[in-house]
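The basis for the numbers below is simple: all heavy atoms, side chains too, and nothing from hydrogens, waters or symmetry mates. In each ligand, atom 1 is the first atom listed, and ligand 1 is the first ligand listed.
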Amino acid sequence: MKKVLALLLALVLAAALVACSTETSSASPSASSAAPTSSAPASDAASPSAPAAGGKIGVAMPTKSLERWNRDGAFLKKQFEAQGYTVELTYSDNDATKQVNDIENMIADKVDLLVIAAIDSQGLSTVLKDAVDAKIPAIAYDRLIMDTSAVAYYVSFDNYTVGKLQGQYVVDTLKLDVNDKSKTYNIEFTAGDPADNNARFFYQGAYDVLKPFLDAGILKVPSGQIAFDQVATPKWTTATAMNRFQNILASFYSSGTQLDVALCSNDSTSLGVTQAIQSDYKGKNTVVITGQDGDEANLANIIDGKQSMTVYKAVANEAVVTVDLGIAMLKGEKPDGALIDKSGWKFSCTFDTKTYDNNTGIIPSYLLVPTVVTIDNLQKELVDTGYYKMDGKYPKAVG
Ligand code: BGC
């Protein structure tokens, strides 16, 4: 048994090392990410009384219907188990009430640590009060959990930068120049779920980059839909994004108006918008379409020329950070920026104590760096790094 465990551990470590050491992160940590400073966790966050190994971790993921969360859940489970922990992993069908029940069950099962990717960022205060009472600390995974001081840490990618990369891609691809008004372009926006705290960061990042061109009249929005609430997609659903876009095309583009850009915050919305454009757009030009995640269907669309780019986030590394952080917390440490050097991660990560305020104060955050993927660097960034394998013409995610 010991031998099997040791072998498993060695295999997982080897896989993690390959994933880490081969990442060619072209981006450097964003300016908004603070240099490592030390900071104590938010006040009410429980200090665990659990042993360093042999404890139980509750991992609450939003849904199996979006590709990435399956990968996150699997990586977290595998990596915690390799360190000697047991893992209770739940998916809650994007149903916020179900996720609260799932977390309640984890608390009743006496997990030692909660790792939560929230469905409703504002809907977990009550259940997390129970976690504090039971002395179970919580890490907000990928999505910040709002309105509760029960959250000790936040692990994510730099969400504002994700949006900025999408906006900058549009600027670079159309070669926009704020002083050159000789050519104008039509753009439509599709953002994410209003219940997901990330969604506003993504949208704001993209909008801030594009605003000078909107102000100058170089970018125009025929539908007039610009406010986050007008362009949001509840639950990030592909069908919802598709239906909204079909309506936009029918109402504003049916008499020959050219659509140049569809700025989409992630791949599930991008998929719906691309479907709408394929079926309902009359123009013959290639529309610039953005995305995020590197979902297989979207990478296939990039290869087929139907989607222009995606912002890739190596969730295997997000899991590595979460596991190292969680274990340090369970050992009774108060991790700060020093965890980054101590862990020897081969990928970029910053410790931020300025950006993510969840209405109870700043939540200390570990932020990883996203990467733009297009047809030109897909092989180098995704396949050569070992994150994906080519399966015929298209990439399939590894792990
Ligand atoms: C994640 C994205 C994902 C979206 C939809 C966001 O919180 O950061 O990677 O595409 O949720 O699930």
Side-chain angles (χ1 to χ4, degrees), residues 60-76 91-96 99 115-124 139-146 151 154-166 190-206 228 231-242 263-274 289-299 301 307 309-319 321-322 355-356 358 363 365-373 382 387 397:
M61 293 287 118
T63 174
K64 273 187 169 286
S65 68
L66 196 121
E67 202 180 300
R68 70 155 288 185
W69 303 116
N70 295 277
R71 290 206 286 271
D72 293 87
F75 283 128
L76 284 164
Y91 289 90
S92 312
D93 305 331
N94 261 340
D95 176 339
Q99 187 170 50
V115 176
I116 303 169
I119 293 168
D120 180 354
S121 299
Q122 292 173 318
L124 295 176
I139 296 174
Y141 183 83
D142 202 81
R143 298 170 170 177
L144 186 59
I145 301 171
M146 305 301 287
V151 177
Y154 177 45
V155 178
S156 193
F157 282 77
D158 184 332
N159 299 306
Y160 182 74
T161 295
V162 169
K164 275 176 64 182
L165 291 172
Q166 295 167 336
T190 302
D193 185 352
D196 175 354
N197 188 62
N198 286 353
R200 283 187 172 75
F201 277 90
F202 300 143
Y203 188 56
Q204 197 62 47
F228 175 81
V231 302
T233 312
K235 299 189 180 214
W236 295 95
T237 311
T238 299
T240 307
M242 183 182 79
L263 189 297
C264 303
S265 284
N266 87 330
D267 278 354
S268 61
T269 53
S270 183
L271 208 57
V273 167
T274 302
I289 305 178
T290 65
Q292 166 188 191
D293 286 336
D295 285 351
E296 288 171 359
N298 298 75
L299 294 177
N301 276 352
Q307 180 174 325
M309 62 89 85
T310 191
V311 177
Y312 181 65
K313 305 189 295 189
V315 296
N317 297 343
E318 195 173 3
V321 172
T322 307
T355 310
Y356 288 96
N358 81 341
I363 304 299
S365 308
Y366 292 90
L367 301 177
L368 294 102
V369 180
T371 310
V372 170
V373 169
L382 300 187
Y387 295 130

Is it the case that the side chain of N358 and the backbone of I145 share a donor-acceptor pair, with hydrogens and angles ignored and the cut-off at 3.5 Å? yes
Classify the ring geometry between Y356 and Y154 as parallel (under 30°), tilted (30 to 60°) or perpendicular (over 60°).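 Rings of Y356 and Y154: perpendicular, as their planes differ by over 60°.
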Shortest protein contact, atom 4 (C) of ligand 1 (heavy atom only): W236 CE2, 3.5 Å
Distance to 0.1 Å, residue and atom name: give those for the protein heavy atom nearest to atom 10 (O) of ligand 1. D293 OD2, 2.5 Å
What do we get for D142 next to ligand 1 when only non-hydrogen atoms under 4.0 Å count, side chain, backbone, both or neither? side chain
I need the contact type for Y312 against ligand 1. Using non-hydrogen atoms and a strict under-4.0 Å cut-off, is it side chain, backbone, both or neither?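 No part of Y312 is near ligand 1 at this cut-off.
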With atoms numbered from 1 as shown, which atoms in ligand 1 lie under 4.0 angstrom from a non-hydrogen atom of W69?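 Those qualifying, in numeric order: 1 (C), 11 (O), 12 (O).
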Where ligand 1 meets D196 - atom numbers and elements under 4.0 angstrom, heavy-atom basis: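 Reading through ligand 1 atom by atom, the close ones are 6 (C), 7 (O), 11 (O).
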Applying side chain to side chain donor-acceptor pair (under 3.5 Å) to Y141 and D72, what does each step give before you reach the verdict? CA-CA 10 Å; Y141 183 83; D72 293 87; 2.6 Å; yes
Using distance alone, determine whether R143 and ligand 1 share an N or O pair under 3.5 Å. yes
Proximity flag F157 to ligand 1, non-hydrogen atoms under 4.0 Å: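 It does not, in that no heavy atom of F157 comes within the 4.0 Å cut-off of ligand 1.
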Checking N266 against W236: is there a side-chain donor and acceptor pair closer than 3.5 Å?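 Checked: W236/N266 side chains show no N/O donor-acceptor pair below 3.5 Å.
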For a side chain to side chain donor-acceptor pair (under 3.5 Å) check, start with the C-alpha distance between D267 and T310, then their side-chain angles and the critical distance, and finish with the verdict. CA-CA 7 Å; D267 278 354; T310 191; 3.0 Å; yes
